[in-house]
Asks: 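Okay, here's the structure, questions in a sec.
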Amino acid sequence: MNERRSDFGPSQAIFDDFVAEVWDHHRESRRDLPWRCTFDPYEILVSEIMLQQTQVARVLDKYPLFLSAFPTVAALASADVGAVLAVWQGLGYNRRALALYRAAKAIVEEHGGTFPDTVEGLRKLPGVGEATAAAVSAFAFGRGQPFIETNIRAAYIHFFFPGQDGIPDAAILPLVQATIDPDDPREWFYALMDYGVWVKRTYGNPSRRSRHHTVQSRFAGSRREVRAGVLQAVLAATPAAVEVSRLPELLDALGRAPEELADIADELAREGFLEKTGTAYRIAGSAQDDISE
DNA sequence: GTCCCGCAAC
DNA sequence: GTTGCGGGAC
């Protein structure tokens with residue numbers, strides 16, 4: 001038996017109960033997901049970026065398509081960003097695709113193609129924050145750095161904070177630290193997330209009692225919708241460029257003013273999705289060609 | 001309406 | 001600490 005008890009907080013017995021319950025549940029209903037069948041850090045990073053704010057069911061469809069198109073970090077790094085964005089369409093949060101692409105380039109150009117194998121090294125990659133760095137380090141390299149994502153948060157709030165509101169992640173992280181299985185952190189984090197999924201399905205989402213819980217604003221009518229539309233319109237025209245004057249007709253269904261469409265195209269250019277030549281936009285890095293008619 | 005294996009810019 | 005970021009399933 002591992003000694004996990006710290007000088008404060010729940011007793012060793014409570015920790016043991018939690019660990020036993022999570023493992024028991026895991027033995028009953030472990031999710032066999034494609035990214036759980038590999039130790040390849042590239043394949044695991046792709047899955048983690050896709051899973052940020054995106055449900056498993058939708059990643060399941062896109063994940064094999066993406067890996068077929070870009071099987072290795074070198075393949076992704078040498079692809080056209082337009083090809084990456086095209087495969088990404090339907091997953092949402094396009095900036096993740098751009099960050100993943102830039103991370104692949106960084107790994108090839110700054111690390112000689114060798115994946116960083118530490119949390120600190122992973123953390124420096126674009127689009128990789130604390131949670132993703134720790135997740136990749138656990139799932140690809142077997143490290144036991146604690147992290148919190150939505151299912152892990154649900155698991156701990158449900159078990160350790162019944163009936164309490166406004167729970168900060170800072171109160172959860174020591175509990176994650178105290179319960180990590182030092183012999184198999186990879187499988188332990190899988191078990192935790194599976195348990196969190198079960199808790200949400202069974203009791204409702206306890207993360208609504210998190211201090212950090214927020215509600216996403218509606219997508220229909222949002223600026224996000226227009227951004228996605230402008231990017232899709234330019235992607236559809238690739239390799240040709242799109243005159244700014246054509247955006248209103250291409251995005252007629254959104255009913256936005258021409259000035260707003262132009263503002264958003266400029267913003268996408270600043271962020272690196274598009275390149276602006278005169279008054280026309282093309283996908284960044286795509287070949288010079290005629291203006292789309 | 002609610003949710004989703006967060007990150008980065010501010 | 002707050003805000004913006006896509007899209008679809010339920």
Side-chain angles (χ1 to χ4, degrees), chain A residues 30-31 33-36 43-63 85-103 122-140 145-156 166 168-170 172 176 185-201 203-208 210-233 235 254 263-264 267-268 270-273:
Chain A
R30 181 183 193 276
R31 291 181 296 170
L33 302 168
W35 45 90
R36 293 184 175 186
E43 295 182 1
I44 289 172
L45 178 64
V46 170
S47 76
E48 288 299 325
I49 299 294
M50 286 188 172
L51 288 161
Q52 291 170 0
Q53 301 298 96
T54 303
Q55 286 153 330
V56 167
R58 293 175 48 218
V59 174
L60 281 174
D61 291 332
K62 195 64 70 173
Y63 184 66
L85 291 168
V87 174
W88 198 267
Q89 292 309 291
L91 268 180
Y93 292 117
N94 290 300
R95 62 177 55 190
R96 295 183 299 169
L98 201 54
L100 180 57
Y101 176 69
R102 289 170 171 167
L122 291 162
R123 182 67 181 79
K124 292 190 175 72
L125 297 172
V128 177
E130 295 296 336
T132 301
V136 172
S137 79
F139 301 144
Q145 175 88 15
F147 67 97
I148 295 175
E149 49 71 53
T150 186
N151 292 320
I152 292 177
R153 184 180 291 121
Y156 285 87
D169 284 350
I172 298 174
V176 179
R186 166 172 153 129
E187 199 63 27
W188 169 248
F189 283 124
Y190 291 156
L192 266 183
M193 292 190 278
D194 290 349
Y195 178 75
V197 168
W198 173 79
V199 164
K200 290 187 203 175
R201 193 174 60 239
Y203 302 101
N205 188 0
S207 291
R208 279 178 289 208
S210 164
R211 178 180 296 178
H212 315 285
H213 181 70
T214 57
V215 178
Q216 173 77 270
S217 58
R218 64 182 295 123
F219 178 67
S222 70
R223 183 178 178 88
R224 306 201 312 272
E225 182 182 35
V226 184
R227 281 171 53 97
V230 171
L231 185 63
Q232 283 170 16
L235 272 174
L254 295 180
D263 284 348
I264 284 177
E267 181 183 62
L268 290 170
R270 284 196 300 276
E271 293 176 352
F273 290 100

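For the numbers below, each heavy atom of this structure counts, side chains included, while hydrogens, waters and symmetry mates do not. In what follows, chains carry the letters A, B, and so on, assigned in the order in which the sequence lines appear, proteins first and then strands, with residues in each chain numbered from 1.
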Asks: Pick base, sugar-phosphate or nothing for A:Gln52, based on heavy-atom distances below 4.0 Å to the nucleic acid.
Replies: sugar-phosphate
Asks: At 4.0 Å (heavy atoms only), tell me whether A:Glu48 reaches a base, stays on the sugar-phosphate, or touches nothing.
Replies: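 Base: the residue A:Glu48, judged by heavy atoms under 4.0 Å, touches a nucleobase.
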Asks: May I ask you to say what A:Arg96 touches in the nucleic acid, namely base, sugar-phosphate or nothing, with a heavy-atom cut-off under 4.0 Å?
Replies: nothing
Asks: Taking the nucleotide of DNA chain B with the closest heavy atom to each, which residue, A:Arg218 or A:Phe139, is nearer the 5' end?
Replies: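 Result of the comparison: A:Arg218.
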Asks: Assign A:Leu33 to base, sugar-phosphate, or nothing according to its heavy-atom contacts below 4.0 angstrom with the strands shown.
Replies: base
Asks: Heavy-atom nearest nucleotide on DNA chain B for A:Leu125 versus A:Leu51: which residue maps closer to 5'?
Replies: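 The residue mapped nearer the 5' terminus is A:Leu51.
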Asks: Compare all side-chain heavy atoms of A:Glu149 with those of A:Leu51 and state whether any distance is below 4.5 angstrom.
Replies: no
Asks: Please classify the nucleic acid contact of A:Ala57 as base, sugar-phosphate, or nothing, using heavy-atom distances under 4.0 Å.
Replies: nothing
Asks: To the side chain of A:Val215, which of C:dG6, B:dT2, B:dG6 is closest?
Replies: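 Output: B:dT2.
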Asks: Answer with base, sugar-phosphate or nothing: what part of the nucleic acid does A:Arg123 contact at a heavy-atom distance below 4.0 Å?
Replies: sugar-phosphate
Asks: Classify the side chain of A:Gln53 versus the base of C:dG7 as yes if they form a donor-acceptor pair under 3.5 Å and no if they do not.
Replies: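 Donor-acceptor pair under 3.5 Å: no.
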Asks: Using a 4.5 Å cut-off on heavy atoms from C-beta on, say whether the side chain of A:Thr132 contacts that of A:Phe147.
Replies: no
Asks: Heavy atoms, side chains only, cut-off 4.5 Å: are A:Glu43 and A:Pro34 in contact?
Replies: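 No - every pair of side-chain heavy atoms lies 4.5 Å or more apart.
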Asks: Looking at every strand, decide which applies to A:Ile49 at a 4.0 Å heavy-atom threshold: base, sugar-phosphate, or nothing.
Replies: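 Counting heavy atoms under 4.0 Å across all strands, no contact is made by A:Ile49.
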Asks: Once you apply a heavy-atom cut-off of 4.0 Å, does A:Val59 come out as touching a base, just sugar-phosphate, or nothing?
Replies: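 Answer is nothing: A:Val59 stays at 4.0 Å or more from every strand.
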Asks: Looking at every strand, decide which applies to A:Trp88 at a 4.0 Å heavy-atom threshold: base, sugar-phosphate, or nothing.
Replies: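 No contact.
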Asks: With a 4.5 Å cut-off on side-chain heavy atoms, are A:Val128 and A:Leu45 touching?
Replies: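 In contact.
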Asks: Is there a side-chain contact between A:Val59 and A:Trp35, using heavy atoms and a 4.5 Å cut-off?
Replies: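 Contact flag for A:Val59/A:Trp35 side chains = yes.
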Asks: A:Glu271 near the nucleic acid: base, sugar-phosphate alone, or nothing, with a heavy-atom cut-off under 4.0 Å?
Replies: nothing
Asks: Wobble G-U and Watson-Crick pairs count when both distances are under 3.5 Å; given that, what is the 5' to 3' dot-bracket string of DNA chain C, with | for pairing to other strands?
Replies: |||||.||||
Asks: Just checking A:Ala228: base, sugar-phosphate only, or nothing, at a heavy-atom cut-off of under 4.0 Å?
Replies: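 Answer is sugar-phosphate: A:Ala228 comes under 4.0 Å of backbone atoms only.
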Asks: I need the CZ-P distance between A:Arg153 and B:dC5, as an integer number of Å.
Replies: 12 Å
Asks: Can you tell me whether the side chain of A:Thr54 and the base of C:dG6 have a donor-acceptor pair closer than 3.5 Å?
Replies: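 A donor-acceptor contact between them is present.
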Asks: I'd like to check A:Gln52 versus A:Tyr93 (side-chain heavy atoms, cut-off strictly below 4.5 Å). Are they in contact?
Replies: no
Asks: Quick one: sort the A:Phe139 and A:Tyr190 rings into parallel, tilted or perpendicular, breaks at 30° and 60°.
Replies: parallel
Asks: Taking the side chain as every heavy atom from C-beta outward, state whether A:Asn94 and A:Arg227 have any atom pair closer than 4.5 Å.
Replies: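 A:Asn94 vs A:Arg227: side chains apart.
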Asks: Categorize A:Arg31 for me: base, sugar-phosphate, or nothing, with a 4.0 angstrom heavy-atom threshold over every strand shown.
Replies: base
Asks: Any side-chain N or O of A:Gln232 less than 4.0 Å from the OP1 or OP2 oxygen of C:dG7?
Replies: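 A:Gln232 to C:dG7 OP1/OP2: side-chain N or O found under 4.0 Å.
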Asks: In whole Å, what separates the P atom of B:dC7 from that of C:dG8?
Replies: 23 Å
Asks: Determine whether any donor atom in the side chain of A:Gln55 lies under 3.5 Å from an acceptor atom in the base of C:dG8, or the reverse, and answer yes or no.
Replies: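 Answer is yes: a donor-acceptor pair is held.
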Asks: Expressed as a whole number of Å, how far does the P atom of B:dC5 sit from that of C:dT3?
Replies: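 The answer is 24 Å between these two P atoms.
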Asks: What contact category does A:Gly129 fall into here, base, sugar-phosphate, or nothing, at under 4.0 angstrom with non-hydrogen atoms?
Replies: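 The residue A:Gly129 makes sugar-phosphate contact but no base contact.
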Asks: Is there a donor and acceptor pair closer than 3.5 Å between the side chain of A:Arg227 and the base of C:dG6?
Replies: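 A donor-acceptor contact between them is absent.
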